[in-house]
Amino acid sequence: MLQFKYDKVTTVEDGVKRLLTVRDREIPEFEIIKRPEGEYTDILVLDGKRIPLLWWRYEARMNSMKNYGRKAPLENCALNSKSFVGKDEPIDALIYRELDISEYVLVSPVKKVTAFLNGDACNLLGKTESGAMLGLELGATMAPGTIPQFDHRIITKHGMATDRTVNNVVEQSGVYLFADSDPRPVAFDDGEYYLYGLSVEDSTRAAFAFAVILGNVNADDLIAQDKHLRALLGAVKASSECGKSVIIEGEGV
Amino acid sequence: MREIKPIKIAILSCNHGHAKGYYKLRYDPFYELVACSIEPGYRPYCGIDQLEGIPCYDSDEELYENHPELEAVVIASANRKHMEQVREAVKRGLHIYSMKVPTYDLDEYREMIELTESKGIVYQVELEMRHHTEVYRVKELIDSGAIGEVLSINMLNYSHNPGWWRPWQVSPEESYGRRVKLSPDSKLYRGGALADHPHVFDIARLLTGSTFDTVYAEAAPNFRDFEVEDLIRVMGRMKNGVLFSLDPSYANNENRVTRQSSWEKYPRCVEVTMNVVGTKGTIIADLYGRAFSSQRDEGGYYLSSGPGTVGLWNRRMQEFYECVRYGMKVPVGLREHYESIATMVAAYESVSTGEVIKMDFEEPVKLESTF
């Protein structure tokens, strides 16, 4: 009888190694740097390349949202997103992430942004090349370590999809402990069997890095998208400063 | 203890979505529901079986001829008709309880103010969302400094589109008052989702204690075939620097029925949620509070709704009574509501021009909390 027993995973890198091991793959030399200075997301160093990890694309519900958006891209009307995170994530990184999600789900590049920034809060209206609207409400003022509170809803001509069940005010956790010593529950978020021990977010980071290492996600595409997202971020800031809409042409603004 | 002196009241037109909510005035000891008029063509759709024993006329003229004893009216008609009904009611010295949109024609709006104030008419606007206690909890949290300085206040008010069973709501003329294209190259016209949802504008002002400074709006492609907008979003800054984002879309689908029965569709027919970002935290709220969910046999639909407290009364009409009988100041009258309506018109202008619109209110009115 087969016996499986895994130790708890404690780092994203160990998670990637675990996945490679389970799939009988060679473990290459790699490093994952958690959002280094000057970057807007974590960086995978592999084969001499610095590859931005757009790991949120592999979050289970986000993947479902993407699939929904790709059913009939020209029928996508709008993506409305709310995302609130702890102060440990800069607002710029959050804008970067949500713009990527918008393009990923709506299957079309953002061509116009009208943004309003106020400290660590940002509201943004945009249009994609396909004519869909994106609306973002973002904030990065919660306590460091708070479980991100997000809500994405795509509205299409054939229906809607959301990663936050309607009526749920805050992000769900998988397990809640109601102990007899504290009236407030303790929530647990475990995302993946092989990565037990990592949070949902870190499990997703590991799964995404694993996919890049295997070549299932093209590293050069990620590098190009990073460049595009930086241009979009520049457009967001320019729009907020000048109080007008900014049109994005090509990679530039 | 004060003696209850019921106000003799009539409901005009009865084809507004909230009209049915006032049929219960017949059971309210503070009111005597004398009569109703029914808008031509809407008699089968107004649920007048709930008005058994109450005279229902085919026109306001007939109603007024038969009931000179009236003291007040509920104007429950299409937006286009409000101005003429206000003029007639003022001429007769009747106090007015109005649906949430007095008019989108700002000249007409100012005429309504002039007419009612010069004649001492009580004019109250129905903005029922103000009575959701979640609004006041959020306000109390903000005022207590629980999230530090407010950076942004954001709300959505998603609903079904009622145009299938209430066609005036998808008619640009009936809803917006005239036929105006959303933008020069658009096939859509003003008068859809935005025109139906002023509450979020009111609550943004109420909670920030400020008014709108700049307004920008975008409309998305429709997912229904009506000629007014389904999806629209409004953003900008309040005068005090706080950002706002308001999404008053017809974002939730509905069963396309011609009578208002079993129209609700999963996941929810109306949603109102809010988030407030402060320098020291964030508030996330569902202004409809806790929801009730049920599964329906027909088609297996799953429905969720936010039921109100059992056994209580229409709080707006209690306020209206106090204003009419005892001269209390209305919580939201025409002047209080003007900046919200003017900002909604500006949002339409922004969609049309693609510009951020600067608002300039000569005498901003600070909204007062009723708590």
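Here is the naming used below: chain letters follow the sequence lines, and residue numbers restart at 1 for every chain. Just so you know, these numbers come straight off a predicted model, no measurement behind them.
One distance of note links CD of B:Glu218 with CG of A:Leu125; it measures 5.5 Å at 0.5 Å rounding.
Taking each heavy atom of B:Gly354 and A:Ser245 in turn, the nearest pair found is O-OG, 3.8 Å. Annotation for B:Arg237 and A:Ser240: closest pair NH2-OG, 3.5 Å, computed over non-hydrogen atoms. The two residues B:Thr282 and A:Met142 come nearest to each other via the heavy atoms OG1-CG, 3.6 Å.
When each of A:Arg153, A:His158, A:Lys87 is scored by its heavy-atom pairs under 4.5 Å with chain B, the top score falls to A:Arg153. Among A:Leu117, A:Leu134, A:Thr146, A:Leu124, the residue with the largest count of heavy-atom pairs under 4.5 Å with chain B is A:Leu117. Top candidate by heavy-atom pairs under 4.5 Å with chain A, chosen from B:Asn154, B:Asn252, B:Asp230, B:Ile284, is B:Asn154. Comparing B:Asn275, B:Thr279, B:Val356 by how many heavy-atom pairs each has under 4.5 Å with chain A, the most go to B:Asn275. No other option in B:Asn253, B:Val242, B:Leu243, B:Asp247 has as many heavy-atom pairs under 4.5 Å with chain A as B:Leu243. Each of A:Lys244, A:Gln149, A:Met160, A:Glu137 has some count of heavy-atom pairs under 4.5 Å with chain B, and the biggest count is that of A:Glu137.
In the displayed structure, A:Arg164 atom CZ is contacted under 6.0 Å by more than 12 heavy atoms of other residues, nucleotides or ligands. For A:Asp182, the CG atom is densely surrounded, since the number of other residues' heavy atoms within 6.0 Å is greater than 12. Annotation: B:Glu149, atom CD; neighbour count of heavy atoms from other residues, nucleotides and ligands within 6.0 Å does not exceed 12.
Interface residue B:Thr214: only side-chain heavy atoms are found under 4.5 Å from chain A. Contact annotation for B:Asp286: both backbone and side-chain heavy atoms come within less than 4.5 Å of a heavy atom of chain A. For chain A, no part of B:Ile147 is nearby; none of its heavy atoms comes within less than 4.5 Å. With a threshold of 4.5 angstrom between heavy atoms, A:Thr162 does not approach chain B through any atom at all. For B:Glu271, the part lying under 4.5 angstrom from a heavy atom of chain A is the side chain only. B:Thr273 touches chain A through its side chain: at least one heavy atom from C-beta onward sits under 4.5 Å away, while N, CA, C and O do not.
Using modelled atom types, one side-chain atom of A:Asn118 and one backbone atom of B:Gly241 make a donor-acceptor pair closer than 3.5 Å. The backbone N or O of B:Ala219 sits less than 3.5 Å from a side-chain atom of A:Lys127, completing a donor-acceptor pair. When atom types are taken as modelled, the side chain of A:Lys157 and the backbone of B:Asn222 share a donor-acceptor pair closer than 3.5 angstrom.
With contacts defined as side-chain heavy-atom distances shorter than 4.5 Å, the pair A:Phe116/B:Ser245 does not qualify.
The side-chain contact (heavy atoms from CB on, under 4.5 Å) test with B:Val277 is passed by exactly one of A:Ile91, A:Leu138, A:Asn123, A:Thr141: A:Thr141.
For residues 69-83 of chain A, heavy-atom neighbours of chain B at less than 4.5 Å comprise A:Cys77, A:Ala78, A:Asn80, A:Lys82, sorted by residue number.
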